[in-house]
Amino acid sequence: MVTQYEESIIKHRWFQVYIVPAAVFQSAMIGGGYGTGREIVEYFTAQGSIGGLLGIAVATLVLGVVLSMTFEFARFFAVYDYRKFFKALIGPCWMAYEMIYVIAVVLVLAVIGAAASGILKDQLGWPTWIGTSLMLVAITAMAAFGRDLIAYIMTTWAALLSAIFLLYFVLTIAHYGSEVVHGVGAGSATGNWVGKGLQFAFYNVAMAPALLFSARSIATR
């Protein structure tokens, strides 16, 4: 006999399969560097308007392919945390990722904390230590309540952020559409937009094994 909880899971399975993994990854990817605009400048706009768009296309393609392979590997071997994942993938060498992962976590926390303190200082005039402290307390609280809450918050945040991006895009086109078209048409592809797109994709996709808890509902290839 199917319980009410199981019926709810079955009913919303499409959401758990198609939305949650992507939303969790998007939320994790959009961190301090992206939020401040530094990543956009470093990897895309510095390559010219055309080069930036081409670089985004490269990054999107690579992220899609690697994420698909990662989720399928996790599903096939039923490994949904990064340690089991890398033990199945590279055997005894899994500890290499462990060491890099710890360093990356410390770096990400530092960047996000700095970005949060900078934003609150610029907008509200608060001391920098308040923004950093609030961000670290929020991260600790989310971790304490478990992965389900993290997935819920990150999915909700991704939906809200996407809606804001869409609204911003529509308003920009409505007010500056002709200038945007002219700017893109007169733009160029400068620099190594292929390399920059690959760099952006590969350093972001490295976090995918740590987010496999959000892909547990994927049951088929």
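Throughout, numbering of the chain's residues begins at 1 and tracks the sequence.
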- Query: If two hydrophobic side chains count as joined below 4.5 Å and joins carry through other members, does Val41 share a cluster with Leu53?
  - Reply: no
- Run the numbers on Leu198 and Val62 for side-chain contact (heavy atoms from CB on, under 4.5 Å), then give the verdict. CA-CA 7 Å; Leu198 291 174; Val62 174; 3.6 Å; yes
- CD/Glu179 to CD1/Ile173 distance, rounded to the nearest 0.5 angstrom? 10.0 Å
- Query: Any chance OH of Tyr80 has more than 12 other-residue heavy atoms, nucleotides or ligands included, within less than 6.0 Å?
  - Reply: yes
- Query: Is it the case that one hydrophobic cluster holds both Phe25 and Leu61, taking links as side-chain heavy atoms less than 4.5 Å apart, direct or via other members?
  - Reply: no
- Query: Taking atom CZ of Arg75 and atom CZ of Arg221, what is their separation to the nearest 0.5 Å?
  - Reply: 6.0 Å
- Paired with Tyr43, the ring pair (Phe, Tyr, Trp, His ring centres under 6.0 Å) test is passed by just one of Phe200, Phe202, Trp193, namely Phe200
- Message: Between Leu124 and Val137, is there shared hydrophobic-cluster membership here, with clusters defined by ILVMFWY side-chain heavy atoms closer than 4.5 Å?
- Response: no
- Query: How about Phe169: does its CZ atom have over 12 heavy atoms from other parts shown lying under 6.0 Å from it?
  - Reply: no
- Query: Can you tell me how far OG of Ser27 sits from CD1 of Ile150, rounded to the nearest 0.5 angstrom?
  - Reply: 11.5 Å
- Applying the side-chain contact (heavy atoms from CB on, under 4.5 Å) test to Pro209, which of Phe86, Phe73, Tyr101 qualifies? Phe86
- Please say whether more than 12 non-hydrogen atoms of neighbouring residues, nucleotides or ligands are located less than 6.0 Å from CZ in Phe77. yes
- Got more than 12 heavy atoms from elsewhere within 6.0 Å of NZ, Lys87? yes
- Note on the structure: Apart from Leu171 itself, members of its ILVMFWY cluster (side-chain separation under 4.5 Å) are Leu167
- Item | Point-to-point distance, once rounded to the nearest 0.5 Å, from CD1 of Ile56 to CD of Gln47 | 11.0 Å
- Is a side-chain N or O of Tyr97 found less than 3.5 angstrom from the main chain of Ala206, in a donor-acceptor match? yes
- Starting at NZ of Lys196, measure out to CD of Glu42 and round the result to the nearest 0.5 Å. 4.0 Å
- Message: Hydrophobic clustering (ILVMFWY, side-chain heavy atoms < 4.5 Å, transitive) - are Met207 and Ile100 grouped together?
- Response: no
- Message: I need the Ile19 CD1 to Ser217 OG distance, nearest 0.5 Å.
- Response: 12.5 Å
